[in-house]
Structures are given as structure tokens and as C-alpha cells.
Number of protein chains: 2
Amino acid sequence: MARKKKILATPEPIRPGDEDLGEIRNIVGFHIRLAQGAVYRHFTEAFTSLDLTQKQVSMLWLVGDHPQIAQSDLARRMRMDRATTMAVVNRLEARNLLERQPSPNDGRKHALYLTDDGNQVLSSAKALINQHEEWLKSRFSDAEVSTLIELLSRIHGWFPTD
Amino acid sequence: MARKKKILATPEPIRPGDEDLGEIRNIVGFHIRLAQGAVYRHFTEAFTSLDLTQKQVSMLWLVGDHPQIAQSDLARRMRMDRATTMAVVNRLEARNLLERQPSPNDGRKHALYLTDDGNQVLSSAKALINQHEEWLKSRFSDAEVSTLIELLSRIHGWFPTD
DNA sequence: AATATTTGTTAGTGTAGCGTACAAAACCAA
DNA sequence: TTGGTTTTGTACGCTACACTAACAAATATT
């Protein structure tokens, strides 16, 4: 049930001679993928104790911010399809962090809300996220962080509102 | 064997009222993940005909640029562990795009090289990558592209050499 | 009322990351 | 040179997740 994870799977350190990536170093998508990988690994390490993935935390967070949200709404905001959203919700529900109840307005929808456990876990998760983000942001100035978010937003299509 | 993929799984369009992401919009990692997702989806669509993933193309590209490279070397450059690298190499080898041969210098290593098919597929892949990158870069000025690559490099730890 | 869309759901496929364990080759230290 | 350590490739198993396809119930549309 719980993920087996004892040691962080840090990629092996770069060695002299390994640095040359050839032409591929000019491919933006390649850099995004490597950066996401690095963030993913650090995130996973940071969340070993809570045993949560990036998607799971994002989902808890969004449900916490928007109680009674429907799965389809969650899926749109997280840019996932319904089937994948189902799987993540199922996992969180199985761990009693989140529950489904029928929506009063629309019989097709299920309203999602956090359980007491879910709220507690979300609080801990937010604390860990702050540490994780500090690790991530420590290499940038505030202006660079804003720039990075702005540039990334142009790719994924959502624009920061402040 | 071949992936079944007929229709791009574009996430459903954002609706009025969906835009509010709450506090999570300030999390850099969240934006990186969404951006990677958007790039991944466009990449997958672009590579439907060749039936290749981002990792598979990156691997073909690196092997093409560095013939006789060992798996462990590939893994380091792509920042993957050996087990995952094995899986990707196995898939490419099963499709006759890439082959292993014993390394003359080091009996432990296997030298990787592209087959004729692999070279041909890589050429097509590079053409598609150019189109894909155009799609990605079209929203940025040249200076912004450089900035983005530079900022992402600080995360994944590799610095562009030009 | 008939038709179309939305939503949740299940089932199945493919890709990927990681832990663990093992064997062979290479390297290093005494 | 022997004996311990490291590197490399490999196999097995588990988890996460993106996607397709298909279905039923509820709702919207015409």
C-alpha cells in the first residue's frame, strides 16, 4: 500500500566528458523535461514521509480551496483527462483523505471534499511544499521567479493573476 | 506493440470560473508540471506517425550524436537510472532502431549504436522536433527563449554551452 | 419528446520511475 | 596477487499515470 522508498534515486553525478549534450541542448522541450525530472525527484524525496505525489498534493490543495468541486472541474483545472483524475481520486479516497458525495444541483456530478485527515495532511503538505519551493527558488532572484512563471504560463495557457 | 492513438487527448478547454487556481498558482513546481504536460501532449500528437516518446527520441538523438555510448553514460546524460534506461533501450532495440554490441575497452559495457532504420527514423524525428519546437517557441522572442533555457538549466543542473 | 452532451465509471494498454537483487568485469588496496 | 569494492548490465516487481474505448445515468438542447 505505502510506496517502498528508502533512498532517493538521485541520478548519478555528472562526470567530466558527460557534459556534451550535442545539438539537443538547444531544444526547449528537452530542458523542460529535465527540469521537471529534477523537481519531481526533489518533491518525491521531500514527500517521502507523507507518501504523496505532485498530482496528489495538487489535487488535495485544489479540493481544499474549492470544496464541493466536481471531478470534471478538477480535471480541467489540473489539465488531466477524466479517467486519470478518477484514478488519483480513488487513491486519495482509499486513504481517507478525500470523499465523494452526491451533488445537490446536478445528479451527474459528485462533490469532492476533504476529510479531517485530508485537511490535516494538506496542512503538513503545504509546509513541505514551502520548503520544497524554497529549494527550487533559492537559485533565482524574485524577478527571475516571476519571469519563469510568466514564461511557463505562456506554455500551459494559464496566466498568473497577480 | 504500436501505441493506439487516434485522437489527441487535449485537456478540455478552460471554462469561465475555472481560472482560479487559488494559492497554488504561486508554486513554481506546479507551473513546470503543467508546462511539461502541455509540451508532452503536443509532442505526442506530433509524433503519432513515428510512434516515439520524448525519451525515446532523446535517446536516439544522443546515441546518434555519440555512437558506441554505454547505457550507463546515456543514463547519466538523460538523468535516468539504469533500470529505466534498460526499459527504453529494450523498446528501441525491439523495434530495430538501436543495437547493443560488446564494448572493446570494457567488458562490462555494451556499446550502443543506431541501426540504419534508427538513423532514418532519427532524421524524420529531427524534422518533427523542429516543427514541435517552432510551436513551442512561437510564443517567445529569441531573448525569452534564451532566458527560459537558462533558468531551466539552473534547475536541472546543466548549462547551455552556447 | 427525441437527440445530444456531460459526468462518472470501468477496463485495458503503454510508458515510466524506482527498489532490490544478482553476476560479471574492472578497479583498488594491502 | 589476492581480496574487497565499484561499476555495469540485467531481471523482477510494484506504483503512478496518460490515454482509448465503451457504457449508463443525468442533464441540456432542439
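Chain naming here is simple, since letters A, B, ... match the order of the sequence lines and numbering starts at 1 in each.
For the pair Arg82(A) CZ and dA21(D) P, the computed distance is 13 Å after rounding to whole Å. One can place CZ of Arg41(B) at 14 Å from P of dC17(D), the figure rounded to the nearest angstrom. Per the geometry, CG belonging to Asp51(B) stands 16 Å off P belonging to dT13(C), to the nearest Å. When rounded to the nearest whole Å, the span between CE of Met80(B) and P of dT8(D) equals 16 Å. Computed from coordinates, the His42(B) NE2 to dA18(D) C1' distance equals 18 Å when rounded to whole Å. The separation between Leu74(B) atom CG and dT10(D) atom P is 12 Å, rounded to whole Å. The CZ atom of Arg100(B) sits 9 Å away from the C1' atom of dT10(D) (whole-angstrom rounding). When the P atom of dA16(D) is taken as reference, atom CG of Asn90(A) falls 12 Å away, rounded to whole Å.
Distances from the side chain of Lys109(B) to the nucleotides dC19(D), dT15(C), dG9(D) place dG9(D) closest. Distances from the side chain of Met86(A) to the nucleotides dG8(C), dA11(D), dC18(C) place dG8(C) closest. In the set dT15(C), dC18(C), dC17(D), the nucleotide with an atom closest to the side chain of Thr53(A) is dC17(D). If you check dC18(C), dC17(D), dG17(C) against the side chain of Lys55(B), the one that comes closest is dG17(C). In the set dC19(D), dT10(D), dA16(D), the nucleotide with an atom closest to the side chain of Gln71(B) is dT10(D).
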For residues 125-133 of chain A, which side-chain N or O atoms pair as donor and acceptor with protein atoms under 3.5 Å away, sequence neighbours left out?
residue   : atom : partner   : partner atom : Å
Lys126(A) : NZ   : Glu23(B)  : OE2          : 3.2
Asn130(A) : ND2  : Lys126(A) : O            : 3.4
His132(A) : ND1  : His42(A)  : ND1          : 2.8
Glu133(A) : OE1  : Val28(B)  : N            : 2.9
Glu133(A) : OE2  : Val28(B)  : N            : 3.3
Glu133(A) : OE2  : Gly29(B)  : N            : 3.0

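Side chains of Val39(A) and Gln54(A) form a contact here, defined as non-hydrogen atoms less than 4.5 Å apart. When side chains are defined from C-beta on, Val88(B) counts as touching Met80(B), because their heavy atoms get closer than 4.5 Å.
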Listed pairs, N/O of protein and of nucleotides 28-30 of chain D, under 3.5 Å:
none

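Sequence order on DNA chain D of the closest nucleotides to Thr84(A) and Val89(B) puts Val89(B) first from the 5' end. Between Ala83(B) and Arg91(B), it is Arg91(B) whose nearest contact on DNA chain C lies nearer the 5' terminus. In terms of position on DNA chain D, the residue among Pro104(A) and Ala70(B) whose nearest nucleotide sits closer to the 5' end is Ala70(B).
Phosphate proximity of dG8(C) to Ser72(A): present, with a side-chain N or O under 4.0 Å from OP1 or OP2. Remark: Gln56(B) is in phosphate contact with dA16(C), judged by side-chain N or O atoms under 4.0 Å from OP1 or OP2. Proximity of Thr85(B) to the phosphate of dG9(D): no side-chain N or O atom is located under 4.0 Å from OP1 or OP2.
In this structure, NZ in Lys137(A) is found 11.5 Å from CD1 in Ile155(B), a value given to the nearest 0.5 Å.
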(request) For side-chain contact (heavy atoms from CB on, under 4.5 Å), just list the numbers for Ser103(B) and Gln68(B), CA-CA rounded to whole Å, side-chain angles, deciding distance to a tenth of an Å, and then say yes or no. (result) CA-CA 8 Å; Ser103(B) 168; Gln68(B) 318 299 320; over 6 Å; no

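Applying side-chain contact (heavy atoms from CB on, under 4.5 Å) to Leu34(B) and the options Gln36(A), Arg77(A), His156(A) leaves one that passes, His156(A).
At the heavy-atom level, Ala87(A) lies nowhere under 4.0 Å from the strands shown.
Considering every non-hydrogen atom in both Phe140(B) and Arg154(A), the closest pair reads CD2-NH1, 3.6 Å.
No side-chain donor from either of Arg91(B) and Thr53(B) sits under 3.5 Å from a side-chain acceptor of the other.
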